[in-house]
Structures are given as structure tokens and as C-alpha cells.
Amino acid sequence: MHSSASGWGNGLLGVIIFSGSLPATRVAVGGFSALFLTSARAVIAALIGALVLALLRQARPQRRDLASLGIVAIGVVVGFPLLTALALQHITSARSIVFIGLLPLSTAIFGVLRGGERPRPLFWLFAGLGSATVAGFALTSDGAASLQGDLLMVAAIVLCGLGYAEGAALSRRLGGWQVISWALLLALPLMLVLAVLTWPPVWSGIKVPAWIGLAYVSVFSMFVGFIFWYRGLAIGGIARVGQLQQLQPFFGLALAGLLLGEPVAASMIAATGIVVACVFFARRFA
């Protein structure tokens with residue numbers, strides 16, 4: 001019982017931390033370019049990961065793990081942060097959070113593809129309903145709508161789901177926080193070069209909120225959140241604790257409305273609720 005409660009508690013903390021990622025990114029892109037923000041957050045998190053790995057004297061991953069670490073890096077270190085940063089230049093964080101409702105489903109689908117599982121037909125029924133809900137919401141004539149922003153969010157969800165599924169499988173051998181740390185270090189050379197190439201020419205015009213946003217996505221979204229998230233999955237079980245991710249859209253919408261003052265339309269809440277319900281049943285029948 002204590003182990004189960006600890007798993008749910010750690011998982012919930014991870015979800016709450018991740019819920020602040022899109023609002024923080026929305027603020028940060030007001031002062032930094034999407035490319036610099038993506039590379040800078042990865043470099044900062046990689047340095048933190050390297051320090052923790054060294055202090056705890058973690059063994060290096062085996063050569064057979066490098067391909068999987070590369071997939072994790074492409075999905076959650078480069079792909080999702082970059083694509084969401086680009087998307088948030090066109091849409092509000094509140095709108096982008098609706099798409100996050102598909103992230104657990106994306107992860108489950110890649111889990112099926114990578115793990116060779118055979119879900120029941122009802123899984124695909126609810127998967128299709130959830131996808132249709134998001135597509136219908138995106139096509140509505142909403143003032144915050146942007147086809148480019150919506151497509152970038154869909155691509156971000158696909159890559160993040162791939163990175164989560166690959167990382168979950170790899171964490172069984174390496175450990176959760178070790179996976180994100182090694183993935184960050186694997187991407188460090190590229191991210192460091194990109195950070196230098198996209199270095200802001202003028203720093204004086206960057207306001208405090210943008211710095212706070214950069215700090216949050218670097219320390220919490222890119223590293224600390226994964227510590228709690230993967231610990232929760234390891235203790236409480238990936239399938240069970242993974243259900244907590246369905247709460248992320250609601251936390252995110254609340255943060256977007258309270259901290260950024262963005263309008264949260266009733267259609268956003270309704271779409272998010274339907275997607276979460278579809279994800280719940282899809283994951284149940286996976």
C-alpha cells in the first residue's frame with residue numbers, strides 16, 4: 001500500500017511539473033527564439049544531468065542502448081520542445097494544451113508498435129474518437145486557431161509519444177532519470193552548437209518573465225519532472241500511474257488562465273474532457 005501511494009504521489013508531482021511546460025514556453029518565446037530556447041534548455045538540463053550522474057557514479061550505458069537513447073533524445077529533448085516552441089508562436093498555450101490530451105494515447109500507440117502488443121478493437125475505437133475530437137476542435141473557427149500551430153502540435157505529440165515509449169522500455173534496464181540524463185548528454189554536442197549559432201544578439205531587451213520561463217523548462221520540465229515521473233512509473237506501474245497524465249490538460253488550462261490570463265473557452269474545456277475520456281478507455285483496452 002505504501003509503495004503504491006508513493007508511486008501515485010511521485011507520478012502526480014511529475015504531471016504537475018510537466019503541466020507548467022507549455023505556459024512557461026509561451027512566456028519564454030516572448031524573449032528568445034524557438035531554436036535558442038530549445039537548445040539552451042537542453043544544454044542546461046544536460047549539465048545538471050552530467051553532474052548528477054558523476055556524483056552518483058552511474059555506469060555508462062552499453063552500446064546497444066545508444067539507438068534507443070537517440071530516439072529518446074529526438075523525441076523529448078529536441079522534437080517536442082522545438083515543435084511546441086514553434087507552435088506557441090502561432091497559438092496560445094491554452095489551445096496547445098488541448099493537444100496534450102492525446103499524449104497518453106500517442107505513448108500507448110508507440111508502446112504497441114515497439115512492444116508488439118495486440119490491443120482489442122475497442123482501443124482503436126476510442127483512439128479514433130479522441131483523434132476526431134481534436135481534429136474537429138482544431139478545424140473550428142476559433143480566434144486563436146492557426147493551421148501551422150496546430151500541425152506543429154500534432155507533430156510534437158507524435159514525437160513525444162515515441163520518446164516516452166522508448167524511454168519507458170529503456171528505463172527498465174538503466175533507470176528512469178538515468179535515461180533522460182544520458183539522452184541529454186547524447187544530444188549535448190548538437191544542442192551546444194545550436195545554442196551558440198542562435199545566441200541572442202542583444203540581451204538587454206529580454207524581460208524577466210522570459211528568463212523565468214527558460215529556467216522552468218530547463219530545470220523542471222527537462223530534468224526534475226522526469227525524476228518524479230519515472231520514479232512513479234517504476235514504483236506504481238507504468239500502466240496505472242501513466243493514467244495520471246490524463247490530468248495534465250486540466251492542470252495546464254488552469255495555469256494558462258491563472259498565470260498568463262489567457263482566455264479558456266468552453267470549447268477548449270469540452271474538447272479536453274472528451275479527449276481525456278477517450279484516452280482513459282483506449283488505455284484501458286490497450
Side-chain angles (χ1 to χ4, degrees), residues 17-46 69-107 109-110 130-131 134-135 137-139 144-167 180 183-184 186-188 190-191 193-195 197-198 210 213-214 216-218 220-223 225-226 229 245 248-249 252-253 255-256 260 262 268 272 275:
I17 291 172
F18 290 147
S19 298
S21 298
L22 291 179
T25 300
R26 173 70 171 175
V27 173
V29 293
F32 302 103
S33 70
L35 286 174
F36 178 77
L37 177 62
T38 301
S39 55
R41 66 185 279 179
V43 169
I44 294 171
L69 286 172
I71 293 175
V72 174
I74 292 172
V76 303
V77 176
V78 181
F80 183 78
L82 176 59
L83 292 174
T84 53
L86 291 172
L88 287 167
Q89 294 179 335
H90 303 281
I91 60 177
T92 65
S93 63
R95 183 176 179 85
S96 69
I97 287 166
V98 176
F99 291 88
I100 296 298
L102 286 178
L103 185 51
L105 182 57
S106 175
T107 305
I109 291 175
F110 279 110
S131 299
V134 172
F137 170 80
L139 292 175
S146 166
L147 178 60
Q148 184 177 357
D150 291 348
L151 291 177
L152 286 168
M153 281 304 305
V154 171
I157 295 304
V158 171
L159 284 181
C160 191
L162 173 60
Y164 275 175
E166 195 71 27
I180 189 61
L184 285 164
L186 186 63
L188 179 58
L190 175 62
M191 293 293 98
V193 171
L194 185 60
L197 293 177
T198 58
L214 173 60
Y216 187 92
V217 296
S218 301
F220 292 96
S221 303
M222 201 80 262
F223 189 76
F226 280 97
W229 179 239
Q245 202 173 32
Q248 186 170 336
L253 286 174
L255 289 173
L260 302 184
E262 293 183 352
M268 292 183 183
T272 300
V275 168

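Excluded from the calculations below are hydrogen atoms, water molecules and symmetry mates; all remaining heavy atoms, backbone and side chain alike, are included.
Of all non-hydrogen atoms in A42 and M191, the two that sit nearest each other are CB-CG, 3.6 Å. The two residues L88 and V29 make their nearest non-hydrogen contact at O-CG2, 4.3 Å. Taking both residues in full, the closest heavy atoms of S21 and V217 are given as O-CG1, 3.9 Å, listed atom of the first, atom of the second, then distance. For A46 against L188, the heavy-atom pair with the smallest separation is CB-CD1, 3.9 Å. Taking all atoms of both residues into account, the shortest heavy-atom contact from M153 to I91 is CG-CD1, 3.7 Å. Counting all heavy atoms, side chain and backbone alike, L214 lies closest to R41 at CD1-N, 4.3 Å.
Contact of the H90 side chain with the L147 side chain is not registered, since no non-hydrogen atoms from C-beta on lie closer than 4.5 Å. Contact check for F18 versus I100: no side-chain heavy atoms found under the 4.5 Å cut-off.
Residues passing the side-chain contact (heavy atoms from CB on, under 4.5 Å) test with S106 are F110, I157, sequence neighbours excluded. Looking at residues two or more places apart in sequence or on another chain, you find a side-chain contact (heavy atoms from CB on, under 4.5 Å) between T198 and S33, L35, F36, S39, L194. Scored by the side-chain hydrogen bond (donor to acceptor under 3.5 Å, both in side chains) test, T25 finds no partners at all (sequence neighbours excluded). T272 pairs by the side-chain hydrogen bond (donor to acceptor under 3.5 Å, both in side chains) definition with nothing, not counting sequence neighbours. For S19, the side-chain contact (heavy atoms from CB on, under 4.5 Å) test picks out V15, Q248, F251, L255, with sequence neighbours left out.
Under the 30°/60° scheme for interplanar angles, the aromatic rings of F226 and Y164 are found to stand perpendicular.
Among L152, L22, D150, the single residue meeting the side-chain contact (heavy atoms from CB on, under 4.5 Å) criterion with F99 is D150.
Note that CE of M222 is 11.5 Å distant from CD1 of I44, once rounded to the nearest 0.5 Å.
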Going by atom type alone, with no hydrogens or angles, which donor-acceptor pairs under 3.5 Å involve a side-chain atom of residues 72-87 and a protein atom two or more places apart or on another chain?
from	atom 1	to	atom 2	distance (Å)
T84	OG1	F80	O	2.7
T84	OG1	P81	O	3.1

